[in-house]
Asks: 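Here it is: the structure, laid out below.
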Amino acid sequence: MDADIEKDGLIHVATNEAQLHRLTHHVDQLRNEGWGKEDLFLLTPSELDDRVRVSGARGAFWTPHCARIHPAKFTVGLAEAVERLGVTIYEDTTAQRLSPGSVTTTRGTVRARYVVQALEGYTDSLSGQRRKLMPMNSSMIVTEPLPASVWSDIGWPGAELVGDMGHSSPTVNAPRTAGSHSADAEFPTTSRRPSTRPGPRPARQWDS
């Protein structure tokens with residue numbers, strides 16, 4: 001599937017004392033859930049600078065268990081993959097109500113043994129579902145490909161996703177090529193995943 005997938009992990013940065021406390025607590029929680037030495041790395045401000053320069057950083061952690069993708073390419077690729085397996089995709093059909101084993105839509109009622117509710121913030125538009133999930137905003141800033149001088153100032157030679165430890169943490173990425181302007185990320189949870197490499201690569205050894 002051609003989805004501009006790049007797996008260089010995720011960095012979360014603390015930019016004040018409250019965030020640093022939250023970061024330390026989160027790392028301890030992940031350790032208690034089974035994340036090992038190869039799954040999670042604490043970074044000092046100087047170690048963070050080797051990956052990306054964040055103004056006012058007090059500390060950070062990095063995990064390899066995250067990849068960025070181009071969401072539109074991923075969606076199209078996933079649709080094509082399941083259609084090759086014989087799955088029929090029905091579009092332009094609005095769900096109106098969920099019931100055990102059925103979904104009432106504008107084109108009739110669909111019945112199945114299992115119903116997967118994957119609507120995120122749109123859940124609140126369904127009858128009886130308004131208070132189940134709280135919709136949050138998701139924003140992206142798109143620019144023309146940046147010149148090498150800007151990348152030198154930012155100091156971001158890898159493809160890590162970067163976020164902070166605020167209560168509503170933004171995560172950003174910076175694709176370098178035309179046609180790869182948007183991306184999505186998978187966040188670390190308390191479910192351990194196998195490590196992909198023994199430790200973080202020094203930024204100076206990375207290919208630009």
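Position 1 is the first residue of the sequence, and the numbers go up from there.
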Asks: Return the minimal non-hydrogen interatomic distance between Ile5 and Ala67, and the atom names on each side.
Replies: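 Closest approach of Ile5 to Ala67: CG2-CB, 4.2 Å.
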Asks: Let me confirm one number: the CE-CZ distance from Met165 to Arg58, rounded to the nearest 0.5 Å.
Replies: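 These two atoms lie 14.5 Å from each other.
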Asks: Looking at CG of Leu78 and CD of Glu83, how far apart are the two atoms once the value is rounded to the nearest 0.5 Å?
Replies: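 Between atom CG of Leu78 and atom CD of Glu83 there are 10.0 Å.
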Asks: Side chain of Thr63, backbone of Asp39: donor and acceptor closer than 3.5 Å?
Replies: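 Here the side-chain-to-backbone pair exists.
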Asks: Please walk me through it: do Tyr90 and Thr105 pass side-chain contact (heavy atoms from CB on, under 4.5 Å)?
Replies: CA-CA 11 Å; Tyr90 293 90; Thr105 78; over 6 Å; no
Asks: For Gly36 and Arg31, which heavy atoms make the closest approach, and how far apart are they?
Replies: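 Nearest pair, atom of Gly36 first, then Arg31: O-NH1, 2.6 Å.
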Asks: When you group the ILVMFWY residues by side-chain heavy-atom contacts below 4.5 Å and let the links chain together, are Val52 and Leu20 in the same group?
Replies: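 Result: no, two separate clusters.
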Asks: What pair of heavy atoms forms the shortest contact from Ala57 to Val13, and how long is it?
Replies: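 Smallest heavy-atom distance, with atoms named: CB-CG1, 3.7 Å.
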Asks: To check you understand the geometry: which heavy-atom pair defines the closest contact between Glu6 and Ala159, and what is its length?
Replies: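 So the minimum-distance heavy-atom pair works out to OE1-CB, 3.4 Å.
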Asks: Any chance you could measure Ile11, atom CD1, to Cys66, atom SG, to the nearest 0.5 Å?
Replies: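 SG of Cys66 is found 10.5 Å from CD1 of Ile11.
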Asks: Is the closest side-chain heavy-atom distance between His21 and Thr24 below 4.5 Å?
Replies: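 They are not in contact (no side-chain heavy atoms under 4.5 Å apart), so the answer is no.
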Asks: Any chance you could measure Lys7, atom NZ, to Arg68, atom CZ, to the nearest 0.5 Å?
Replies: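 Interatomic distance, Lys7 NZ to Arg68 CZ, rounded to 0.5 Å: 14.5 Å.
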Asks: For Arg53, does the CZ atom have more than 12 heavy-atom neighbours from other residues, nucleotides or ligands under 6.0 Å away?
Replies: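 It does: Arg53 CZ has more than 12 such atoms within range.
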Asks: Under a 3.5 Å distance rule, please check whether Ser99 uses its side chain to pair with a backbone N or O of Ser102 as donor and acceptor.
Replies: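 Judged by distance alone, no pair lies under 3.5 Å.
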Asks: Transitively linked via ILVMFWY side-chain contacts under 4.5 Å: Leu42 with Leu40?
Replies: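 Yes, it is one cluster - the side chains of Leu42 and Leu40 are joined through contacts under 4.5 Å.
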Asks: I would like to know whether Asp92 and Arg107 meet side-chain contact (heavy atoms from CB on, under 4.5 Å); could you show each step before the answer?
Replies: CA-CA 9 Å; Asp92 300 319; Arg107 297 191 175 193; 4.1 Å; yes
Asks: Distance-only, no hydrogens or angles: does the Thr93 side chain make a donor-acceptor pair with backbone N or O of Glu91 under 3.5 Å?
Replies: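 It does hold such a pair.
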Asks: Identify the heavy atoms of Leu23 and Ala60 that sit nearest to each other, and give their distance.
Replies: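 Smallest interatomic distance, heavy atoms only, reads CD1-CA, 3.7 Å.
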Asks: So, do His65 and Trp35 sit near enough that their side-chain heavy atoms are less than 4.5 Å apart?
Replies: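 They are in contact (side-chain heavy atoms under 4.5 Å apart), so the answer is yes.
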Asks: Can you see which heavy atom on Asp2 is nearest to which on Lys73, and at what distance?
Replies: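 Heavy-atom minimum between the residues: O-CB, 3.4 Å.
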Asks: Is it the case that one hydrophobic cluster holds both Val110 and Val115, taking links as side-chain heavy atoms less than 4.5 Å apart, direct or via other members?
Replies: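 Val110 and Val115: separate clusters.
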Asks: Which distance, rounded to the nearest 0.5 Å, do you find between the CG of Leu119 and the CG of Leu98?
Replies: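 Going from the CG atom of Leu119 to the CG atom of Leu98 covers 6.5 Å.
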Asks: Indicate, with yes or no, if Val82 and Val76 share a hydrophobic cluster defined by side-chain heavy-atom contacts under 4.5 Å among Ile, Leu, Val, Met, Phe, Trp and Tyr.
Replies: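 In one cluster: no.
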Asks: Look at the rings of Phe41 and Trp62 and say which category their plane angle falls in: under 30° parallel, 30 to 60° tilted, over 60° perpendicular.
Replies: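 Ring orientation, 0 to 90° scale: tilted.
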Asks: Hey, what's the ring geometry for His12 with Phe61, parallel, tilted or perpendicular (30° and 60° as the breaks)?
Replies: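 Perpendicular: the ring planes of His12 and Phe61 meet at over 60°.
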